[in-house]
Amino acid sequence: MEIKAPKGTQDILPDEIHKWHAVEKAARDTAELFGYREIRTPIFESTDLFARGIGEGTDIVEKEMYTFLDKGERSLTLRPEITASVMRALLEHKKTGGDLLKLYYIGPIFRYERPQKGRFRQSHQFGVEAIGSDSPQLDAEQICLAMEFYKRLGLDKLSVDINSIGCSNDNCRPAYRRDLITYLKENTDTLLGVLFGEIDNIGNKGLCDDCARRMVNNPLRVFDCKKDGCKQIISRAPRTYEHLCDDCRAHFEKVKETLELLGVKYRVNPNIVRGLDYYTRTVYEVLSESLGAQNALCGGGRYDNLAGELGGVKVGGTGFAAGIERAIMVMDEIGKKPERPGIPVIILPVGGEKAMNQAVTILKKIRDSGIPAELDYNNRGFKLLKKSEEEGWRFAFIIGEDELKEGKVSIKHLIKRDQKGIETAELEELLDSGGKDPVGILENLFL
RNA sequence: GUGAGUGUAGCUCAGCGGUUAGAGCACUGGUCUGUGGAACCAGGGGUCGAGGGUUCAAAUCCCUUCACUCACCCCA
């Protein structure tokens, strides 16, 4: 078999699917608890949507998109994130005119990247978006929602880092950007910087070449660097939240105040700068200690300019995206095992076609009563019981010559290792009276 | 895109120049023909990632390539 799943994709086999169900259930339950409703948008969109929404200069748009032409020569792209799609859908259906819209989604995203621990070419996100409000309390509520989601999954040792990167008013982020560049120039002497002509001051403490490049393209990114030299320079650099305009400062203060009211622990981290162009004001990440280099479980923030950039009316929004694979990886790491539902009943017909026919009849009745049940179609007989634990079987219904002769079924409790005979008619009555807890009825036979 | 590491049975790995390539777990059968998880016995399964080279001889050494993993970049 030489055909394999494409690089960076993975099969989720039945042995693991219960983890996904657990995460998806926690996501839906939590989102709905907070008043969010589900939205589903296409998995591919016009390439323009992402180019404009996420930003031409970003890594995602520059080199990570799965873009193709369809037979009608349209340029389409497998979505690398979902916020832009949600906004597009709302603008398209003219839903943004009224009150606040609170939406959540679960689904795959695609990015052409080199895979590593916690990073794939197809991955899945649970996300929420609240569109039509600039309330800072909504930002805080969503952080609270994210933490509730993780709490339901049993994840602890998480930290919430928040920051504000201001707005596009000239006295806010643009002004800060100028100050930052000035500071970086004064502290940089790399060759590359000199070549770019961006640096005229030859000092001693250098930024790395990557950061010199970033300084030109997107100076905020220098904050992401993990190299010691750069970190030192960054540690004394002007902070975004110290340079916010009055409105943004008040907004950020309100976010923090609300988080305190909600009892969410956080730390202000001036180094977090989200990669996508559309972010304004609040940005945050939920981080885990139990992962490798890709330790962000959830990233989010406010995007008051996105609708405008897509050519729609100007509406503010805020949201986050949480990686499902990463959540599952942390659960695996810390030994959180979601319950794996089993099939409680296995029917073993032993001996002949009559037994098999009777088994089929009884199987139907068991299923009609609401009890998941399986039949030994391959006539493996008692050997099959070896798999009881694995399959989650609690009861084996045995139908053989003796049982047929007496009009009975033998029921074996596979955990208690006890066995009882019951008349077929009586069993049917019992199953009919099962109500909401039909398995409990079987359980009661062995008290 | 860059760097490093690893590719041998379904899984975890041993073998690192010398006959027909091994172990544990898993699987199948038997001891036990209608009663599982134990034990013992037997069995199936591998183009040693692929291609080329060195050598009397290559899973083992060299080159190329592919895949996987981790890290950088960036992010969920």
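Every chain is numbered from 1 and lettered A, B, ... according to where its sequence line falls, protein lines coming before strand lines.
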What integer number of Å spans the C1' atoms of C16(B) and G36(B)? 43 Å
Using the test ring pair (Phe, Tyr, Trp, His ring centres under 6.0 Å), find all partners of F149(A) that sit at least two apart in sequence or belong to another chain. F126(A)
What parts of residues 381-390 of chain A reach RNA chain B, counting only heavy atoms under 4.0 Å away? F382(A), K383(A), L385(A), K386(A), S388(A), E389(A)
Rounded P spacing from A42(B) to G24(B) in Å: 11 Å
Across the strands shown, which category fits F126(A) at heavy-atom distances under 4.0 angstrom: base, sugar-phosphate, nothing? nothing
Using the side-chain heavy atoms of E64(A), tell me which of these nucleotides is nearest: U35(B), C74(B), U28(B). C74(B)
Contact residues, residues 38-49 of chain A to RNA chain B [heavy atom, < 4.0 Å]: none
Which listed nucleotide (C68(B), C70(B), A76(B)) is nearest to the side chain of R111(A)? A76(B)
Who pairs with A39(B) - Watson-Crick or G-U, where each distance is under 3.5 Å: U31(B)
In chain order, what residues pass the side-chain contact (heavy atoms from CB on, under 4.5 Å) check against K117(A), with sequence neighbours excluded? M329(A), E333(A)
Any side-chain N or O of Q116(A) less than 4.0 Å from the OP1 or OP2 oxygen of C72(B)? yes
Given that both distances must come in under 3.5 Å, which nucleotide forms a Watson-Crick or G-U wobble pair with C68(B)? G5(B)
Tell me, please, which residues at least two apart from D304(A) pass side-chain hydrogen bond (donor to acceptor under 3.5 Å, both in side chains). R302(A)
Donor-acceptor pair, distance only, cut-off 3.5 Å: does the side chain of S133(A) make one with the backbone of S135(A)? yes
Please state how far atom NZ in K4(A) lies from atom P in A50(B), giving the value in whole angstrom units. 11 Å
How many whole angstroms separate atom CG of N295(A) from atom C1' of C70(B)? 15 Å
Separation between OH (Y104(A)) and CZ (F320(A)), nearest 0.5 Å, reads 12.0 Å
Please check the phosphate of C68(B) (OP1 and OP2 only) for any side-chain N or O of K7(A) closer than 4.0 Å. yes
Quickly work out the H124(A) NE2 to C75(B) P distance and round it to whole Å. 21 Å
Hey, does L69(A) have a side-chain heavy atom less than 4.5 Å from the side chain of L76(A)? no
List in chain and number order the residues that pass side-chain hydrogen bond (donor to acceptor under 3.5 Å, both in side chains) with T282(A), two or more places apart in sequence or in another chain; answer none if no residue qualifies. D139(A)
Tell me: CD of E113(A) to P of C70(B), nearest whole Å? 14 Å
Interface residues of residues 395-415 of chain A with RNA chain B (non-hydrogen, below 4.0 angstrom): I398(A), G400(A), E401(A), D402(A), E403(A), K412(A), L414(A)
In whole angstrom, give the distance that lies between atom CG of L13(A) and atom P of C11(B). 12 Å
Once you round it to whole Å, what is the distance between P of C74(B) and CZ of F110(A)? 24 Å
Measuring only the P atom in each nucleotide, how far is C63(B) from A4(B)? A whole number of Å is fine. 13 Å
No-H, no-angle donor-acceptor pair, R326(A) side chain to C75(B) base, under 3.5 Å: yes
ring-ring contact (aromatic ring centres under 6.0 Å, His included) pairs, two or more places apart, involving residues 376-423 of chain A: F395(A)-H413(A), H413(A)-F446(A)
Can you tell me how far C1' in G49(B) sits from the matching atom in A9(B), rounded to whole Å? 14 Å
Using atom C1' of each nucleotide, how far apart are U12(B) and G7(B) to the nearest Å? 14 Å
Under a 3.5 Å limit on both distances, the Watson-Crick or wobble mate of U55(B) is none
Under a 3.5 Å limit on both distances, the Watson-Crick or wobble mate of C48(B) is none
Compare side-chain N and O positions of Q125(A) against OP1 and OP2 of A76(B) and report whether any pair is under 4.0 Å apart. no
Distance between the P atoms of A57(B) and U20(B), in whole angstroms? 14 Å
The criterion is ring pair (Phe, Tyr, Trp, His ring centres under 6.0 Å); which residues satisfy it with Y176(A), sequence neighbours excluded? H243(A)
Quick one about E129(A) and T83(A) (side-chain donor to acceptor, distance below 3.5 Å, no hydrogens or angles considered), yes or no? yes
Is there a donor-acceptor pair closer than 3.5 Å between any side-chain N or O of T47(A) and the backbone N or O of S75(A)? yes
Of the listed nucleotides C74(B), G34(B), A71(B), the one nearest the side chain of V350(A): G34(B)
Using heavy atoms to find the nearest nucleotide of RNA chain B for G299(A) and P6(A) separately, return the residue whose nucleotide is more 5′. P6(A)
Electrostatic pair K102(A)-E141(A), nearest N-O below 4.0 angstrom: yes
Which whole number of Å gives the distance between the P atom of U28(B) and that of G45(B)? 16 Å
With the side chain counted from C-beta on, respond yes when I60(A) and M65(A) share a heavy-atom pair under 4.5 Å apart, and no when they do not. yes
Does a salt bridge link E38(A) with R40(A), judged by any charged N lying under 4.0 Å from a carboxylate O? yes
Quick check on RNA chain B: between Y112(A) and R380(A), whose nearest nucleotide comes earlier from the 5' end? Y112(A)
Atom-to-atom span, CG of L348(A) to C1' of U33(B) - whole angstrom: 16 Å
Whole-angstrom distance between A38(B) and C72(B), as gauged at atom P: 44 Å
Return the polar atom pairs (N/O with N/O) between nucleotides 44-47 of chain B and the protein under 3.5 Å, or none.
none

Contact check, side chains of L49(A) and M87(A), non-hydrogen atoms, under 4.5 Å: no
Quick one: N271(A) CG to C74(B) C1', roughly how many Å, whole number? 16 Å
Which base sits across from C11(B) as a Watson-Crick or G-U pair, both distances under 3.5 Å? G24(B)
Side-chain donor-acceptor pairs under 3.5 Å in residues 10-24 of chain A, sequence neighbours left out?
from, atom 1, to, atom 2, distance (Å)
H18(A), ND1, D15(A), O, 3.4
K19(A), NZ, D332(A), OD1, 3.0
K19(A), NZ, D332(A), OD2, 3.4

Under the ring pair (Phe, Tyr, Trp, His ring centres under 6.0 Å) rule, collect the residues that match up with F252(A), sequence neighbours excluded. none
